[in-house]
Structure formats: C-alpha cells, structure tokens
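Some notes on the structure that comes next.
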Amino acid sequence: MSAEDKILIVGGGLAGLACAVRLHEAGKAVVLLESSDELGGRVVSRIKEGFILDRGFQVYLSTYPEAAKFLDLEALDLKAFRPGALIFQGSGFHRLMDVFRCPQYALSTPFQPIGNLWDKLLVGKLRLEALNPWKKTLREDTSTESYLRSYGFSERMINGFFRAFYGGIFLERELRTSSRMFEFTFRMFAKGKATVPAKGMQEIPRQLAARLPREAIRTNTTVDSIESTRVSLSDGDTINADRIVVATDAESAAKIVPGLKGDPVPWRSVTGLYYSAPHSPLKEAIIALNGEANGLVNNVCALSDVAPNYAPDGRALISVSVLGLHHGEQFEDTILRELQQWFGEQVQLWEHLHTDRIRRALPEQIPHEGAEEKEAFRHHDGLLICGDHCTSASIEGALVSGLRTAGFIIKESRRTKRQ
Ligand SMILES: Cc1cc2nc3c(=O)[nH]c(=O)nc-3n(C[C@H](O)[C@H](O)[C@H](O)COP(=O)(O)OP(=O)(O)OC[C@H]3O[C@@H](n4cnc5c(N)ncnc54)[C@H](O)[C@@H]3O)c2cc1C
C-alpha cells in the first residue's frame with residue numbers, strides 16, 4: 001500500500017471514527033461510510049425541549065487509558081458523578097460511598113445494611129489489587145457472579161449491590177459477563193470517575209468527526225455487500241478501495257461480509273426513559289440503584305445534577321434505566337408507580353420526555369477461553385474487522401479496536417514501502 005491508496009471504513013461509530021482519524025492523521029486517504037444520517041453509532045444524543053437526551057444512559061470512565069490519550073478530554077469538559085451509590089431497598093435508600101475518596105463516609109459506609117463488614121473489607125482489598133500496577137497476571141476468565149462468590153462476597157452484597165451496579169453496566173443482573181470485564185471496569189472506577197461530557201455523550205464522536213476532512217465522511221450511505229476490494233452500496237453504486245475496514249457491529253458485519261465465521265454475538269438490550277421534573281429527587285450527582293430482587297427499574301439519576309446543560313433552567317432531567325426491552329401500554333405506568341415507591345409523591349409532577357428501546361445495546365461478553373487477551377481486530381479474506389465486539393463493549397473497547405486496526409494498516413504500508 002502507498003500513501004495514496006484509498007482505505008474505506010464501513011461504519012461511523014467510535015471504532016470506525018478512531019480508525020479513520022488515526023489513518024487520516026498518518027497521511028492516508030480514508031473514506032468513512034455510515035448508513036445513518038449522523039456519526040457516533042451507539043453514542044448519540046438528541047435535543048428535546050431544551051433537554052439533552054443521550055440514547056440510553058451512558059457514562060465515560062475518566063481513566064479509560066487509550067481514550068484519554070486519543071480524545072481531547074479538556075474540550076469535552078467532563079462532569080463527574082460522586083464515587084458511590086444510593087441503594088434503594090424497601091422503604092428507603094442506603095448510601096455506599098468509596099471511602100478512599102469520600103473519607104467523611106468512612107464511619108457510616110461499613111455499617112450500611114448492604115452486605116456485611118467483611119464485604120466492605122473485601123471491596124477495599126479488591127480496590128488495592130485493582131490499583132496495584134505490578135499485578136498483571138490474567139486470572140482465569142469466569143462469570144462475574146462466580147468471581148465475586150469465590151472472592152468471598154456474601155449473597156447479600158452480591159444481590160444488594162453488585163447485581164444492580166454492574167447490572168447497569170453489563171445490562172444484565174445475572175452477572176454472566178466475563179470476570180475480566182468486571183476487573184477492567186472495577187479498576188476504572190477505582191482509579192477514576194464516571195463522567196459525562198458537559199454537552200452530552202455525542203460530543204465524543206463529534207470531536208472525532210471534526211478531525212476528519214468533510215470529503216472523508218459519507219453519511220446516509222449503506223453498504224450492502226463487500227467483495228474483496230469492492231463495496232456495493234444500497235443505492236446500486238460500487239466503490240473500489242485498496243483496503244477495507246469493517247467497523248460495524250458484529251450482526252451487521254455478518255450480513256455484508258460473505259463467509260464471516262462465528263455465530264453472531266447475542267445482544268444485551270435496555271429501555272431508557274427520560275423525565276422532566278421541577279427539581280431533582282436526589283439533589284446530588286449520584287446514581288441510585290435498585291438493591292432488591294423485584295421491580296423493573298435498575299438505576300436512576302438526575303443527569304442535570306451532574307451536568308447542568310442537560311436540562312433547561314429551572315428543570316431537572318431524570319434518567320431511568322430498565323434492563324431488557326419493554327413494550328405495552330402498562331409499561332410506563334408501572335415504571336411511574338415504582339418510581340413513586342422510590343421518591344414519593346413528587347413523581348406525579350414528572351413529565352415523560354422520551355423512551356428509547358435499544359435492542360442492540362451491548363454485545364454479550366461471556367467468559368473467554370484461554371489465558372491470552374483477545375485480539376483487538378480480526379482478519380477475514382483481506383478485510384479487517386473491528387468494533388467493540390472484538391475487544392470490550394465500551395467506549396474504550398471501540399476506540400482501542402479502531403486504533404489498533406489503523407496501527408496495523410500504517411505498519412503494513414511502511415513495510416510495503418521498504419520492499
Ligand atoms: C445504552 C447503552 C449504554 C452503554 N453504556 C456505556 C457506558 O456507560 N460506558 C461505555 O464505555 N460504553 C457504554 N456503551 C457501549 C458503547 O457505546 C459501545 O461499546 C460503542 O459505542 C461501540 O462502538 P462501535 O463503533 O464498536 O459500534 P457502533 O457504535 O455500533 O458503530 C457501528 C456503526 O456502523 C454503522 N453500520 C452498520 N451497518 C452498516 C452498513 N451496512 N453500512 C454502513 N454503516 C453501517 C452503524 O450505523 C453504526 O454507526 C453503551 C452502549 C449503549 C447502547
């Protein structure tokens with residue numbers, strides 16, 4: 001490949017954007033093809049009545065290592081949640097804070113009726129291990145649930161805290177997700193904070209798109225199929241390229257790439273609801289979790305407590321996440337009734353703004369066999385396949401996958417030049 005060779009990237013989510021930006025900044029000619037009318041893939045936001053509504057509740061973990069090097073975090077103006085959570089159980093909330101960063105709760109947190117004192121000590125031990133830079137050995141990958149049990153956590157702690165907290169991250173409360181993913185996110189939370197950009201999550205892809213020339217981006221362009229070095233578009237056009245990168249989700253990749261092996265990865269789904277309220281029921285930048293076995297609501301927060309731009313003056317934006325897909329006339333009434341148990345009569349004043357039903361939210365991340373780490377991208381018949389399904393279902397995972405793919409192409413082109 002030479003510097004003039006054309007590289008096509010199919011899919012304008014974070015993986016495709018990262019790949020395109022890295023290649024463009026290395027002097028390569030890239031064209032990014034995106035089927036929808038905007039870039040960002042699963043990280044998009046809309047404005048409604050002055051509220052910023054991210055598509056599903058998402059946070060950027062401030063210590064994502066590769067993302068921090070690649071994005072301009074200062075420009076994103078990240079606003080942080082407090083390190084801890086309020087756990088709803090029965091008639092009220094119990095506060096569990098990270099006592100290393102909120103020492104004022106050092107006396108109360110260990111005695112909260114979520115788990116026992118030993119559980120709180122184990123959290124401290126896990127935290128020390130997570131922050132130990134010398135501890136690099138990969139444990140055997142297992143489900144998060146068995147990992148927590150074998151670590152010694154009580155059922156009360158697993159059911160009362162981990163299922164809700166990590167349920168909101170993995171989008172499943174059974175905790176079947178890989179323990180490596182658990183260790184990774186636990187380390188990110190121990191080192192940094194959950195944040196949102198001041199103007200919404202879509203600022204992340206917007207910032208990346210701004211690093212590309214206009215002519216490198218083609219939205220409303222759906223790829224129907226790919227054959228060796230040619231893509232066929234849904235409007236009948238074809239484009240030839242010297243290299244093609246497929247940066248879609250796994251399900252879409254399997255549709256357009258002939259013979260792509262492996263079962264499509266099943267999806268985790270989520271239903272996200274937004275409400276406009278006269279004031280925040282929490283009055284602080286914190287996540288409230290369902291610490292009980294019943295109920296549909298998994299987690300709630302007032303995004304305007306974290307980043308005031310999310311709501312117009314004088315209003316609060318409430319985000320509610322329900323795991324799985326939910327339909328039916330009764331659904332929204334059921335959620336409001338549950339929220340009344342959490343927050344009381346004030347919920348009657350809340351106005352429903354929007355419901356997102358996101359079937360394809362996260363690819364399932366079951367334990368991975370073998371001690372080695374997964375490759376960040378795949379080769380298939382001369383094509384390069386990347387996206388969060390190759391690494392980890394996260395913003396960091398998608399960016400790493402796109403960046404490593406670009407790195408491979410850059411190295412390959414240097415090798416060819418030398419020959
Ligand atoms: C509700 C929700 C909550 C989440 N929470 C978090 C969180 O808190 N923290 C975190 O780090 N991560 C979170 N994630 C995960 C994170 O958003 C994703 O891992 C990441 O955005 C995936 O990026 P991607 O580029 O791999 O894939 P995608 O974003 O899916 O991008 C693929 C792109 O390919 C395009 N495409 C597909 N088929 C074609 C075709 N045939 N032709 C052209 N284009 C095509 C799609 O339109 C899409 O734009 C969450 C995701 C969701 C949905």
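Only this structure's heavy atoms are used, side chains among them; waters, hydrogens and symmetry mates stay out.
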Indicate the ring-plane relationship of [X] and [Y], choosing parallel, tilted or perpendicular according to the 30° and 60° boundaries.
X	Y	value
Phe57	Phe81	perpendicular
Phe153	Tyr151	parallel
His379	Phe408	perpendicular

task = Just do the side-chain contact (heavy atoms from CB on, under 4.5 Å) check on Leu33 and Leu8 with the steps written out, would you?
result = CA-CA 7 Å; Leu33 308 175; Leu8 279 186; 4.2 Å; yes

Contact summary for [X] and [Y], nearest pair of heavy atoms:
X	Y	value
Ser228	Leu383	O-CD2, 3.5 Å
Tyr60	Ala68	OH-N, 3.7 Å
Gln58	Val196	O-CG1, 3.7 Å
Ala361	Ser269	CB-CA, 4.4 Å
Leu353	Leu53	CD1-CD2, 4.3 Å
Lys79	Val306	CB-O, 3.2 Å

Checking [X] side chain against [Y] main chain: does a donor-acceptor pair fall under 3.5 Å?
X	Y	value
Glu396	Glu66	yes
Ser150	Tyr147	yes
Asp242	Lys6	yes
Asn116	Trp118	yes

Say you draw a straight line from [atom1] of [X] to [atom2] of [Y]; how long is it, rounded to the nearest 0.5 Å?
X	Y	atom1	atom2	result
Leu273	Thr271	CG	OG1	7.0 Å
Arg149	Ser143	CZ	OG	8.0 Å
Phe377	Thr405	CZ	OG1	5.5 Å
Phe184	Thr391	CZ	OG1	9.5 Å
Leu339	Glu332	CG	CD	11.5 Å
Arg163	Leu148	CZ	CG	9.0 Å

Side-chain donor-acceptor pair under 3.5 Å between [X] and [Y], yes or no?
X	Y	value
Glu172	Thr177	yes
Ser234	Asp224	no
Thr219	Asp37	no
Ser178	Asp141	yes
Ser321	Asn298	no
Glu140	Thr142	no
Thr416	Ser413	no
Asp54	Tyr310	yes

task = Measure from NZ or CZ of Arg187 to the centre of the six-membered ring of Phe182, then state whether that distance is under 6.0 Å and the direction lies within 45° of the axis.
result =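 The answer is no; the distance or angle limit is not met.
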
task = For salt bridge (Lys or Arg N to Asp or Glu O under 4.0 Å), just list the numbers for Arg180 and Glu183, CA-CA rounded to whole Å, side-chain angles, deciding distance to a tenth of an Å, and then say yes or no.
result = CA-CA 5 Å; Arg180 289 205 188 133; Glu183 286 185 308; 5.7 Å; no

task = Dump the intermediate steps for salt bridge (Lys or Arg N to Asp or Glu O under 4.0 Å) on Arg360 and Glu251, then the final yes or no.
result = CA-CA 9 Å; Arg360 305 198 297 187; Glu251 193 177 312; 3.3 Å; yes

key: Partners meeting side-chain hydrogen bond (donor to acceptor under 3.5 Å, both in side chains) with Glu203 (sequence neighbours left out)   =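 Glu203: side-chain hydrogen bond (donor to acceptor under 3.5 Å, both in side chains) contacts with Arg206.
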
Can you confirm whether [X] is buried at [atom1], in the sense that more than 12 heavy atoms of other residues, nucleotides or ligands lie under 6.0 Å from that atom?
X	atom1	result
Gln330	CD	no
Glu155	CD	yes
Glu25	CD	yes
Lys411	NZ	no
Lys120	NZ	yes

request  = Report the C-alpha separation of Asp98 and Arg127 in whole Å, then their side-chain angles, then the decisive distance to 0.1 Å, and conclude whether the salt bridge (Lys or Arg N to Asp or Glu O under 4.0 Å) test is met.
outcome  = CA-CA 10 Å; Asp98 178 346; Arg127 192 177 190 282; 3.3 Å; yes

query = Can you list the steps and then say if Asp388 with Arg42 is a salt bridge (Lys or Arg N to Asp or Glu O under 4.0 Å)?
reply = CA-CA 11 Å; Asp388 69 342; Arg42 274 170 272 158; 2.8 Å; yes

key: Ion pair check, Glu145 and Arg176, cut-off under 4.0 Å   =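 Salt bridge absent between Glu145 and Arg176.
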
message = Taking the ring of Phe93 and the ring of Phe343, is the distance between their centroids below 6.0 Å?
response =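 That pair passes the under 6.0 Å test.
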
ask   = Do Tyr274 and His352 have their ring centres less than 6.0 Å from each other?
value =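 Distance test on ring centres: not under 6.0 Å, no.
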
key: From CA spacing to verdict: side-chain contact (heavy atoms from CB on, under 4.5 Å), Trp267, Leu362   = CA-CA 6 Å; Trp267 288 98; Leu362 298 182; 5.5 Å; no

message = For Phe189 and Phe165: C-alpha separation, side-chain torsions, deciding distance, then whether ring-ring contact (aromatic ring centres under 6.0 Å, His included) applies.
response = CA-CA 11 Å; Phe189 277 111; Phe165 193 81; 5.1 Å; yes

